[in-house]
Amino acid sequence: MSEADKQFNIHDYLREYLFPHFLCPGCGHGIALRALLWAIDELDIDKDRLAFVSGIGCSGRLGAYIDANTFHVTHGRPLAFATGLKLARPDLEVIVITGDGDCLAIGGNHLIHACRRNLNITCMMLNNEVYGMTGGQVSPTTSDDRFTTTTPYGNHEPVFDACALAEAAGAGLVGREITLQTPSLKDVLKQGLAHPGFSFIEVMSDCTEVFGRKNDLGSSAEMVLTQKASVRPDFLENAVDQPFRPHQIKTGILASNDRPEYAESYRNHIDAMKRDHGHA
Amino acid sequence: MPDFELRISGSGGQGILLAGRILADALGHESLNVAQSQSYEPTSRGGLSRADLVVSDAEVDYPLASDLDYLVILDDIAATASNDLLKQNSLVLVDSLLSELCEMDGYEVCYLPISESARGLGDIRSTNMVALGALTSLAGFCSQDNLLAAVARVAPAKLLDPATRAIRQGYAITEPQS
Amino acid sequence: MPDSAPSETVSLQGNHACALGALAAGCRFFAGYPITPSSEIAERMSVELPRVDGVFIQMEDEIASMGAILGASMGGMKAMTATSGPGFSLKQENLGYAAGAEIPCVIANVMRGGPSTGLPTRPAQADVMQARWGTHGDHPIVVITPDSVPEIYMQTIRAFNLSEQLRVPVVMLYDEALGHLIEQVRVSDGGDIEIANRKWAADPGPEFSPYAAGEDLIPEMVRPGDGFRTHTTGLTHAENGFPTQDPDVVEQYMHRILDKLEIHKGLIESYETIDTNDADYLVVAFGITARAARRAIKQAHEQGIRVGMFRPITLWPFPVEAFESIIDGKRGVLVAEMNAGQLITEIERYRPAECRIEGLNRIDGETITPRQILNRIQELADRE
């Protein structure tokens, strides 16, 4: 346990008066939230300056438990809301917590344009392959052949690679991590928070109660160990790409660039306009 | 009742809207209330273009043209488009090159060499300003000086000289021939 | 350009008047998406906002525009968006969020013909009911319908004032004909207009309850960074801001957000009457149709028909009591609107049984003319 971990006390960041929380036993979302708050703690960000924007679904409910300025908005729209909030209040550290359905399905258009603009927002997408809150329907990231309440004969739809999408759309920083590797997840999130542009971090979470049970994937521990086994080891880094099993999960910082940050570039354009047109 | 309503009509690209804006500005400076409306569909590649003014020394009640006192027609496409809005004593100014196209029985129709004059000035694109001069001259909305002052306020600077010449020419073609 | 120039009278298009009214009211954030016939509002905002250190952004869609203005508003800025029918449909989701979470915002809906893509460049008044009931659930909303370009300017200022004071979304609802009409507007230098701001919590301590309200039913707001860390949600919430399903708390919340408009209706309601006192007949009209009615009424007077006009400026909540006192004793009412009969359903609720009611409707993408209204007034009078 590192020095930093000893000092980090998650209770400092939670609205524990709302407990018991609503997460199911074995859900990976709580670990992801811990890693996020740990990263924030290490970066020493003032809670009054923290703004969390979340959408609808299990991921969307996390915000309420954080002792910060929290906005639980409409389904798929947290990035749109966060864009307005950040532009109005550049002094805030704006963090979006979203899920695979919220971010990639109903909110997919907002994701690609948030990546393109590169406004300084950190987006943590919790990918548990399923719509858990509504009872376990197929999502854009549900794996091949998995059973859900709307794929009773197994899923035949292709899987969205959210990180590849974010990178292609121009996100300033793209990373992915599994919950079992919590310190690494914290580090990836920390880099995301520190990056001056738009950061997209995919967290491979797990839904034991709904998705795991339906697909006979065992306990939460078994599910995360299976995930761990799927992580592509470093020595395969340069191997011919195999986007699907085995070893399909690439982790760590997957892409970064130094494209201009949106708000800064907006201000620069306005300053130039004022110089050119004599508007002081 | 409104004091008067007018429409300048022609083809997209003829500067119809600019003519409307200049006249509205001139009338506004005569302390008249002016409501302007115009065709909204994109007409820069042709198609009917119109600029309507409803003018009153009191508040304008209904601001859209419904009974035209004055109508200017500068292109074939506008030839019959406004017939429904004319009344018995409407004054209709028609470019003389279109005279065979317009069927204006029952209205006071005045055929004037508008585009011909513009061509004579060396620029067919000043047809709109010749028309504006002619209309203002015949209707007596305002003085020529006030109209020219509005040109200076509204039109792009590079158009000021050609527009001034064209408006003067518009006044000239309405003078009784002697 | 009315920057910081003194008040002056300028020729303005309706949509530009909306943009300048918003700026005069203190709007400093605009997010929008191109749509005919409202785009000139966005275009004017894109010119003006940077000059006053505001923010203009064209978002990826209508939904995102509505989302972004709510984010900016919660950040503490006065914010607006503008759209037309198809876009207004898309904004309903986040408009409901604004109503439920009580986020001040102004939405201009420049009406065109529908349904669906309909008639993008032609005027209509067919969003009367959508503006009131477009988003799901019982919800508070204020809808304002100006009938001239100067009134678009003044009422946009008022829309912001109401939205900020009452924490309620306000819709500026006018038709394409007014949006593109050019009239003379006295643009204020700021000195002669009243600006209302939202009620900020002075010193929110740890016991602060962000959705607790006093007698005025309007909770005080806190900005991020003000020292109290609020939770804002579209879920039905208790006074502490957190979700609840407790029937008593749910009912209390629902009554508060609905009743706040009722108790402030003196502030919200606005209407104009013309010659209603000794009239036998009444025309009810709004927007461009009210302009046609103005002329028709003058012409009817010349024929000796005693007719007046009731024009709701605040369309929703409908000024019920004022209307009831005016309709009392009238022999007939003509409701003229550019739709298949929407406002008339509201008028029907409040007319006395002995008062004949008729609709004059136009759904061909053209405006109702003074002559059409005059003809119907004559028919109404002849029938007696």
Side-chain angles (χ1 to χ4, degrees), chain A residues 15 17-18 22 46-54 56 60-61 63-94 106-107 109-114 116-117 119 262-263 266-267 269-271 273-274 277 279, chain C residues 1 3-4 28-31 47 49-79 81 92-98 100-101 103 105 222-235 237 240-243:
Chain A
R15 291 166 169 155
Y17 50 88
L18 297 178
F22 83 107
D46 176 8
K47 284 195 283 191
D48 283 335
R49 278 186 50 239
L50 269 176
F52 289 86
V53 185
S54 61
I56 298 298
R61 288 296 194 96
Y65 299 107
I66 308 169
D67 183 18
N69 305 286
T70 52
F71 302 94
H72 180 216
V73 304
T74 45
H75 195 18
R77 319 301 172 208
L79 283 167
F81 185 98
T83 298
L85 181 61
K86 180 69 184 177
L87 286 171
R89 293 291 301 277
D91 58 311
L92 299 178
E93 184 73 44
V94 178
I106 191 167
N109 198 30
H110 311 308
L111 172 65
I112 57 176
H113 288 276
R116 174 179 66 85
R117 286 190 195 99
L119 182 62
Y262 183 91
Y266 181 82
R267 280 192 301 275
H269 271 78
I270 289 166
D271 290 345
M273 175 274 289
K274 286 181 174 172
H277 295 88
H279 285 272
Chain C
M1 295 276 171
D3 229 333
S4 53
R28 289 298 176 267
F29 188 96
F30 183 99
V47 172
L49 275 169
R51 295 176 173 175
V52 292
D53 294 321
V55 179
F56 171 88
I57 185 169
Q58 182 173 314
M59 293 296 285
E60 57 271 19
D61 57 36
E62 297 276 3
I63 298 168
S65 312
M66 190 67 211
I69 68 163
L70 300 187
S73 180
M74 287 309 287
M77 273 186 172
K78 292 186 184 179
T81 186
Q92 295 301 328
E93 172 200 52
N94 279 325
L95 204 153
Y97 183 73
I103 304 176
C105 59
V222 281
R223 273 168 294 222
D226 279 359
F228 185 87
R229 299 180 287 273
T230 306
H231 184 62
T232 305
T233 178
L235 289 167
H237 42 273
N240 63 9
F242 296 103

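In what follows, chains carry the letters A, B, and so on, assigned in the order in which the sequence lines appear, proteins first and then strands, with residues in each chain numbered from 1.
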Heavy-atom contact with chain C under 4.5 Å, split by part of [X]:
X	answer
A/Ala64	both
A/Leu18	side chain
A/Tyr65	neither
A/Tyr262	side chain
A/Arg49	neither
A/Arg61	side chain
A/Lys86	neither

Problem - Option among A/Thr70, A/Val94, A/Leu92 that satisfies the side-chain contact (heavy atoms from CB on, under 4.5 Å) test with C/Pro224 - result: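 Between C/Pro224 and the candidates, side-chain contact (heavy atoms from CB on, under 4.5 Å) is satisfied uniquely by A/Leu92.
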Roughly how far apart are [X] [atom1] and [Y] [atom2], rounded to 0.5 Å?
X	Y	atom1	atom2	value
C/Tyr97	A/Arg77	OH	CZ	13.0 Å
C/Arg51	A/Met273	CZ	CE	6.5 Å
C/Phe56	A/Ile270	CZ	CD1	11.0 Å
C/Ile69	A/Leu87	CD1	CG	13.5 Å
C/Met77	A/Leu85	CE	CG	11.0 Å

Handout entry: Matching residue for C/Glu60 among A/Arg117, A/His113, A/Arg116 - test: side chain to side chain donor-acceptor pair (under 3.5 Å)
Key =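 For C/Glu60, the side chain to side chain donor-acceptor pair (under 3.5 Å) test succeeds with only one of A/Arg117, A/His113, A/Arg116, which is A/Arg117.
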Handout entry: Aromatic plane relationship, C/His231 with A/His72 - under 30° parallel, 30 to 60° tilted, over 60° perpendicular
Key =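 Taking C/His231 first and then A/His72, their aromatic rings lie parallel (interplane angle under 30°).
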Exercise for the section: Using a cut-off of under 4.5 Å on heavy-atom pairs, state which of A/Leu79, A/Asp67, A/Thr83 scores highest against chain C. Expected result: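 It is A/Asp67.
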Problem - Top of A/Ala88, A/Gly63, A/Ala68 for chain C proximity - count of heavy-atom pairs under 4.5 angstrom - result: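 Top count of heavy-atom pairs under 4.5 Å with chain C: A/Ala68.
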Practice task
Side chain from CB out, backbone as N, CA, C, O: work out which of these in C/Leu70 comes under 4.5 Å of a heavy atom of chain A, or both, or neither.
Solution key: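 Looking at C/Leu70, backbone and side chain both touch chain A.
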Handout entry: Heavy-atom proximity to chain A below 4.5 Å, by part of C/Met59
Key =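 Both parts, backbone and side chain.
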